[in-house]
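Everything on this sheet refers to the single structure shown next.
Residue numbering restarts at 1 for every chain, and letters A, B, ... go by the order of the sequence lines. Note that this is a predicted model, so its numbers are computed, not measured.
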Amino acid sequence: MKNRLEELRKQRNIKQEELAAALEVSRQTISALENGRYNPSITLAFKVARFFGLSIEDIFIYEE
Amino acid sequence: MRRSIDRGRGKWYLGVTLGFLLFCIGLFLTWLDADGTGIMRTLPNICVGLGAGIFGGSTGIIIRMYLLDKDPQAGKQAEIETNDERNMAIIRRAKAQAFDLMVIVGAASLIVFSLLQVDVYIILILVAAYLSRFGVLIFFINKYQKEM
């Protein structure tokens, strides 16, 4: 699944480590999410969306 | 709070003591009856093995707790790494792969033992162990189907 995580993080000048600490996940998880290697659970998707003040659909792009 | 942490630690200190005692008993029994027969042939070895395992495992956990106490930041990071959903997903997937592989390894070892013409009761124990994993698998599939 594609997402705008890297773009949004860079827009806000946040390091991967800082985002990871805020979401209570490892830095590797943030990296994997940004590269599209890992799809988050619905809980983590909500946490990410709340962190950026957006909806899940604004960040994660579902393509069939 | 401090008391409850110390109490949680108590079982590991008990493990260190019991493990060490068991290890010493094993060595003592070996020294007492080096050419033992019957149960005395294996009991000292079991005591030494179990004792060393319990002692080592408990000591490791106490050292880890001590190090995490000294550096709370590292403790928090270790907790994040443990609860990280991707890490947990990786571990679950690795375990599933290992299970699939062990099914093949188990079947191969059964064939090898049969070709080596070992006693039939050993083959039967191995077959029971081999089949028990499928019983456990079915049990957990049923359990999770009810829960999820």
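- Hydrophobic clustering (ILVMFWY, side-chain heavy atoms < 4.5 Å, transitive): L110(B) and I122(B) are in one cluster.
- When the side chain to side chain contact (heavy atoms under 4.5 Å, CB included) test is applied to I42(A), the partners found at least two apart in sequence or on another chain are F46(A), I56(A).
- Heavy atoms from other residues, nucleotides or ligands lying under 6.0 Å from CZ of F51(A) number more than 12.
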For chain A and chain B, give me every donor-acceptor pair shorter than 3.5 Å, distances to one decimal.
residue, atom, partner, partner atom, Å
E24(A), OE2, K76(B), NZ, 3.2
S26(A), N, D84(B), OD1, 2.8
S26(A), OG, D84(B), OD1, 3.4
S26(A), OG, D84(B), OD2, 3.4
T29(A), OG1, D84(B), OD1, 2.9
T29(A), OG1, D84(B), OD2, 2.7
Y38(A), OH, E85(B), OE2, 2.7
S41(A), N, E85(B), OE2, 2.9
S41(A), OG, E85(B), OE1, 2.5

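- V103(B) and V112(B) fall within the same hydrophobic cluster, where Ile, Leu, Val, Met, Phe, Trp and Tyr residues are linked whenever their side-chain heavy atoms come under 4.5 Å apart, directly or through other members.
- At a threshold of 4.5 Å between side-chain heavy atoms, the hydrophobic network of Ile, Leu, Val, Met, Phe, Trp and Tyr places L33(A) and I90(B) in two separate groups.
- The neighbour count for F52(A) CZ, taken as heavy atoms of other residues, nucleotides or ligands under 6.0 Å away, is above 12.
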